[in-house]
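Report on the structure given below.
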Protein chains: 2
Amino acid sequence: MKNYIKELRSSSKLSQAELAKICKVSRQTINAIENDKYDPTLQLAFNIANALDTTVDRLFVNNPKYSKT
Amino acid sequence: MKNYIKELRSSSKLSQAELAKICKVSRQTINAIENDKYDPTLQLAFNIANALDTTVDRLFVNNPKYSKT
DNA sequence: AAAATATGTAAAATATTTTTGACATTTCGG
DNA sequence: CCGAAATGTCAAAAATATTTTACATATTTT
């Protein structure tokens with residue numbers, strides 16, 4: 001699932017490490033999610049959205065076509 | 001995390017089994033999520049929201065226990 | 001150019017979600 | 001009331017996500 005974490009994080013002038021700290025996860029978790037290695041848990045998705053002053057629906061773009069099979 | 005799946009599902013006149021089928025998960029998964037046994041994956045959250053014609057942010061209410069500064 | 005900061009990546013261990021199968025209870029229409 | 005549909009629950013296993021540790025490259029700052 002595509003997301004705009006990198007873009008919004010850059011706008012907020014936060015490093016991956018800083019965002020990770022706010023969200024209470026490892027820097028590598030933020031990095032992996034930004035690079036679409038896997039999706040975050042729903043809770044973490046909300047935490048990241050809050051940290052970046054946006055919503056889950058704006059931050060993550062789900063293509064319903066590619067729903068889980 | 002609290003959610004309004006049960007309420008919206010009832011409004012839509014869908015059974016847990018029907019919603020599960022639309023979302024391509026087991027009936028027990030829908031039941032467990034409705035009863036707050038665990039949170040769904042982000043992808044499933046989007047699928048359920050789509051099926052109930054709403055958004056993830058409206059369907060799930062996050063307690064901003066961990067929020068920005 | 002060197003130092004400091006930031007980002008990318010990966011494997012193994014850990015944690016969480018989902019499935020499967022089963023059975024009990026509740027709800028609802030006929 | 002009876003039977004069917006719907007819901008609740010449980011345990012074990014499978015599937016998926018996160019953390020940790022470690023190191024590499026890249027970018028920025030001085």
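The analysis underlying the following values was restricted to heavy atoms, covering all of them including side chains, and did not include hydrogens, waters or symmetry mates. Below, chain A is the first sequence line, B the second, and so on; all start at residue 1.
- Considering CD of A:Gln16 and CD1 of A:Ile30, their distance stands at 8.0 Å, rounded to 0.5 Å.
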Below 3.5 Å is the cut-off: list the nitrogen or oxygen pairs between protein and nucleotides 6-9 of chain C, distance only.
unit_1, atom_1, unit_2, atom_2, d
C:dT7, OP1, A:Arg9, NH1, 3.0
C:dT7, OP2, A:Gln16, N, 2.8
C:dG8, OP1, A:Lys6, NZ, 3.4
C:dG8, OP2, A:Gln16, NE2, 2.8
C:dG8, OP2, A:Asn31, ND2, 2.7
C:dG8, OP2, A:Asn35, ND2, 3.3
C:dG8, N7, A:Arg27, NH1, 3.3
C:dG8, O6, A:Arg27, NH2, 2.7

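- In the helix from C:dA1-D:dT30 to C:dG30-D:dC1, the terminal helix axes, each the rotation mapping four pairs' C1' atoms onto the next four within five end pairs, subtend 60°, rounded to 10°.
- At whole-Å resolution of the value, CD1 in B:Ile33 and C1' in C:dT16 are 12 Å apart.
- Between B:Ile5 atom CD1 and D:dA6 atom C1' the separation is 17 Å, expressed in whole Å.
- Contact check, B:Thr41 against C:dT18: a side-chain N or O comes under 4.0 Å of OP1 or OP2.
- Rounded to whole angstrom, the span from the CD1 atom of A:Ile30 across to the P atom of D:dT20 amounts to 13 Å.
- Of the side-chain N and O atoms in B:Ser26, one or more sit less than 4.0 angstrom from OP1 or OP2 of C:dT19.
- Among the candidates B:Val56, B:Asn62, B:Leu44, the single residue satisfying the side-chain contact (heavy atoms from CB on, under 4.5 Å) test with A:Leu42 is B:Val56.
- Here B:Ser26 pairs with B:Thr29 under the side-chain hydrogen bond (donor to acceptor under 3.5 Å, both in side chains) rule; sequence neighbours left out.
- For the pair A:Ile48/A:Val25, no side-chain contact is recorded, criterion being any heavy-atom separation below 4.5 Å from C-beta on.
- Distance CG/B:Leu59 to CG/B:Asp53: 11.5 Å, rounded to 0.5 Å.
- Rounded to whole angstrom, the span from the OH atom of A:Tyr38 across to the C1' atom of C:dT17 amounts to 15 Å.
- The CG atom of A:Asp39 sits 15 Å away from the C1' atom of C:dT16 (whole-angstrom rounding).
- Atoms CG (B:Asp36) and C1' (D:dG8) sit 14 Å apart, rounded to a whole Å.
- Summarising the geometry of B:Phe46 relative to A:Phe60, their closest heavy-atom pair is CZ-O, 3.7 Å, with the distance given to 0.1 Å.
- Applying the salt bridge (charged side-chain N to carboxylate O under 4.0 Å, His left out) test to pairs two or more places apart or on separate chains, those with a residue in residues 33-47 of chain B are B:Arg9-B:Glu34.
- Distance, A:Gln43 CD to C:dT17 P: 10 Å, rounded to whole Å.
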Atom pairs and distances, side-chain donor-acceptor, residues 1-8 of chain A, under 3.5 Å, sequence neighbours left out:
unit_1, atom_1, unit_2, atom_2, d
A:Asn3, OD1, A:Ile5, N, 2.9
A:Asn3, ND2, A:Ile33, O, 3.1
A:Lys6, NZ, A:Asn35, OD1, 3.3

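- Atoms OG and CG, from A:Ser10 and A:Leu19 in turn, are 10.5 Å apart once rounded to the nearest 0.5 Å.
- When rounded to the nearest whole Å, the span between CG of A:Asn47 and P of D:dT19 equals 11 Å.
- If you check residues 53-61 of chain B against DNA chain C, you find no residue with a heavy atom closer than 4.0 Å.
- Taking both residues in full, the closest heavy atoms of A:Ile22 and A:Ala51 are given as CG2-CB, 3.8 Å, listed atom of the first, atom of the second, then distance.
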